[in-house]
Protein chains: 2
Amino acid sequence: MNGKRLNPHISIDCVLFGFDFEKLHVLLIDRGRYHSDFLHESIQYALPGDLIYMVEDLDEGAMRILKDLTGLHNIFMEQFGAFGNPNRMNSEADQRWLRSIRSEPEERVVTIGYFSLVKMTDYVPVASSFAKSAVWVPVNEVTELAFDHNELLEKALGSLREHMQTRPIGFNLLPPKFTLGQLQKLYEAIHDREIDKRNFRRKIMKLGIVKELEEKQKGVAHKPARFFSFDKGRYEELLEEGFQNFKL
Amino acid sequence: MNGKRLNPHISIDCVLFGFDFEKLHVLLIDRGRYHSDFLHESIQYALPGDLIYMVEDLDEGAMRILKDLTGLHNIFMEQFGAFGNPNRMNSEADQRWLRSIRSEPEERVVTIGYFSLVKMTDYVPVASSFAKSAVWVPVNEVTELAFDHNELLEKALGSLREHMQTRPIGFNLLPPKFTLGQLQKLYEAIHDREIDKRNFRRKIMKLGIVKELEEKQKGVAHKPARFFSFDKGRYEELLEEGFQNFKL
DNA sequence: AGCACTTATTGTTATCTTTACACTAAGCAC
DNA sequence: GTGCTTAGTGTAAAGATAACAATAAGTGCT
């Protein structure tokens with residue numbers, strides 16, 4: 001074959017979004033302190049990611065890597081893109097870190113991005129492997145990340161938003177019984193904009209994918225809200241009818 | 001490191017769609033005859049694709065590979081996904097072909113899919129490298145392709161359709177002066193459905209991204225249509241205003 | 001008991017968008 | 001000039017979107 005045709009490595013990076021009924025967060029790992037200049041020392045964060053195994057499918061790999069690095073398992077993720085700029089790992093800080101964890105730190109790596117969205121409170125990450133710790137960071141407070149991970153995060157967020165226009169991902173995020181206020185907060189957090197309460201409720205109710213329950217909130221310092229549950233049967237009905245629009 | 005952590009190869013496959021003012025086509029390469037059973041012999045087609053070079057960016061690689069295999073150059077393509085099922089090349093026919101062109105035919109390959117849409121008549125593909133020939137095939141006449149290429153084609157088509165909802169890709173496909181009938185045919189071919197003429201024209205005109213010209217068709221056996229041209233300035237204006245909806 | 005505070009709940013109207021639908025016009029071929 | 005083909009045009013009904021404010025039901029505090 002061809003001398004130029006050597007073989008980059010392949011990694012998967014996971015962008016795990018978490019929602020806590022307030023804000024949208026992203027799960028990052030702390031790859032340790034570094035000196036940004038002679039005076040300051042910062043923590044640098046990165047997305048959880050690692051090289052894939054020879055025998056695993058990409059989707060499996062994404063789950064496996066997330067578990068290895070954060071302890072969270074059985075989280076299904078969606079692919080959102082491949083990133084292969086030959087210089088994507090060439091910064092000094094990146095190289096220093098790679099030397100500490102990889103046998104071939106200089107090797108080019110093409111990475112494949114995966115994202116998912118979970119209920120933050122259900123998933124308390126545990127540091128493991130080479131990650132010093134894994135933490136939830138509000139997406140609008142994320143600063144400079146390792147490698148090209150800021151770019152990955154942006155792309156993942158875009159994919160998440162698109163995704164929510166066609167599937168009601170997000171109902172897994174709420175408790176089995178939730179209020180429409182909570183559901184609305186979820187949409188507002190992900191799209192980062194306010195939505196009119198009345199219009200929101202009308203649309204949700206017209207879709208028919210939530211069922212009104214008898215039960216109401218208790219012990220809240222305001223008018224108690226009615227609980228609703230996700231009507232999965234109705235949702236699947238809609239999908240079969242070719243319905244594809246959950247835009248809000 | 002880890003015995004399991006060997007290193008798959010990386011390829012890029014190109015899904016090039018072409019429009020000829022009638023139907024949507026896809027560019028395939030003929031990888032030669034094979035015996036599907038003891039009686040029949042078929043041509044098997046594949047998407048143009050090959051391993052990437054060590055130093056090129058993915059986007060560059062896609063262009064380079066398309067050029068190597070079909071002679072078409074300077075075609076910008078969009079990424080639509082990575083495909084890495086460990087068994088995606090294990091069929092007998094696939095292996096036979098790989099043995100004829102690769103030094104490590106058994107090696108696992110993860111591929112990254114790219115697509116684009118061009119004016120068919122501008123791009124007459126030339127066979128080169130290991131492709132016996134490259135041909136335009138109408139997308140709804142495509143039969144069984146090599147590897148997982150039918151799956152890639154489906155995904156690419158989906159991405160193309162989504163893409164057209166937010167960008168007026170497609171104006172590059174038409175001559176500088178085109179009729180609204182031609183533009184409508186383009187949309188109909190890609191979305192594979194008929195669109196009402198009056199509604200189509202109204203929407204296009206409201207967007208304001210085409211300019212009416214004085215000139216009309218000549219020598220046609222029916223009422224000559226007025227020519228229009230794409231108003232690039234107006235289009236960029238719309239994008240800057242954050243406008244993102246070219247849905248038809 | 002009463003007030004402050006907070007979130008829940010509800011409807012209307014104006015505007016815009018979408019969809020469905022059918023006839024006349026202009027050129028060429030014969 | 002008849003037939004064929006594609007171009008070009010308007011309207012009405014239904015649906016979707018967006019903007020808008022007042023009352024209700026709890027808790028906490030005094």
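Quick note on labels: first sequence line is chain A, next is B, and so on, each numbered from 1. For clarity, every value in this text was computed on a predicted model and none was experimentally measured.
A salt bridge links B/Asp13 with B/Arg88: the closest approach of a Lys/Arg side-chain nitrogen to an acidic carboxylate oxygen falls below 4.0 angstrom.
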Validation: residues 210-223 of chain B side-chain donor-acceptor distances under 3.5 Å, sequence neighbours left out:
residue: B/Glu212; atom: OE2; partner: B/Arg226; partner atom: NE; Å: 3.1
residue: B/Glu215; atom: OE1; partner: B/Lys177; partner atom: NZ; Å: 2.6
residue: B/Gln217; atom: OE1; partner: B/Ala225; partner atom: N; Å: 3.0

Side-chain donor-acceptor pairs under 3.5 Å in residues 185-196 of chain B, sequence neighbours left out?
residue: B/Glu188; atom: OE2; partner: B/Gln184; partner atom: NE2; Å: 3.1
residue: B/Glu188; atom: OE2; partner: B/Ile195; partner atom: N; Å: 2.9
residue: B/His191; atom: ND1; partner: B/Tyr187; partner atom: O; Å: 3.3
residue: B/Arg193; atom: NH2; partner: B/Leu248; partner atom: O; Å: 3.4
residue: B/Asp196; atom: OD2; partner: B/Arg198; partner atom: N; Å: 3.0
residue: B/Asp196; atom: OD2; partner: B/Asn199; partner atom: N; Å: 2.9

- Message: Test side chain to side chain contact (heavy atoms under 4.5 Å, CB included) on A/Phe171 and A/Leu183; report intermediate values, then the result.
- Response: CA-CA 8 Å; A/Phe171 286 97; A/Leu183 184 58; 3.9 Å; yes
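Within the model, atoms CD of A/Glu78 and OG of A/Ser116 stand 7.5 Å from one another, a figure rounded to the nearest 0.5 Å.
Bounding nucleotides for the chain A contact on DNA chain D, 5' to 3', at a heavy-atom distance below 4.0 Å, are D/dA16 to D/dT27.
Among all heavy-atom pairs drawn from A/Leu153 and A/Phe17, the shortest one is CD1-CE2, 3.8 Å. The minimum heavy-atom distance between A/Ala46 and A/Leu145, with the atom names listed, is N-CD2, 4.5 Å. Scanning both residues, A/Val110 and A/Gly84, for their nearest heavy atoms gives CG2-CA, 4.1 Å.
The stretch residues 184-194 of chain A has no heavy atom under 4.0 angstrom from DNA chain D at all.
Checked by atom type and distance alone, the side chain of A/Asp231 pairs as donor or acceptor with a backbone atom of A/Arg234 at under 3.5 Å.
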- How does each nucleotide of nucleotides 5-12 of chain C score, in 5' to 3' order, for protein heavy atoms under 4.0 Å: base (B), sugar-phosphate only (S), or none (-)? -BBBBBBB
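Every residue was checked against the side-chain hydrogen bond (donor to acceptor under 3.5 Å, both in side chains) condition with B/Gln182, not counting sequence neighbours, and none meets it.
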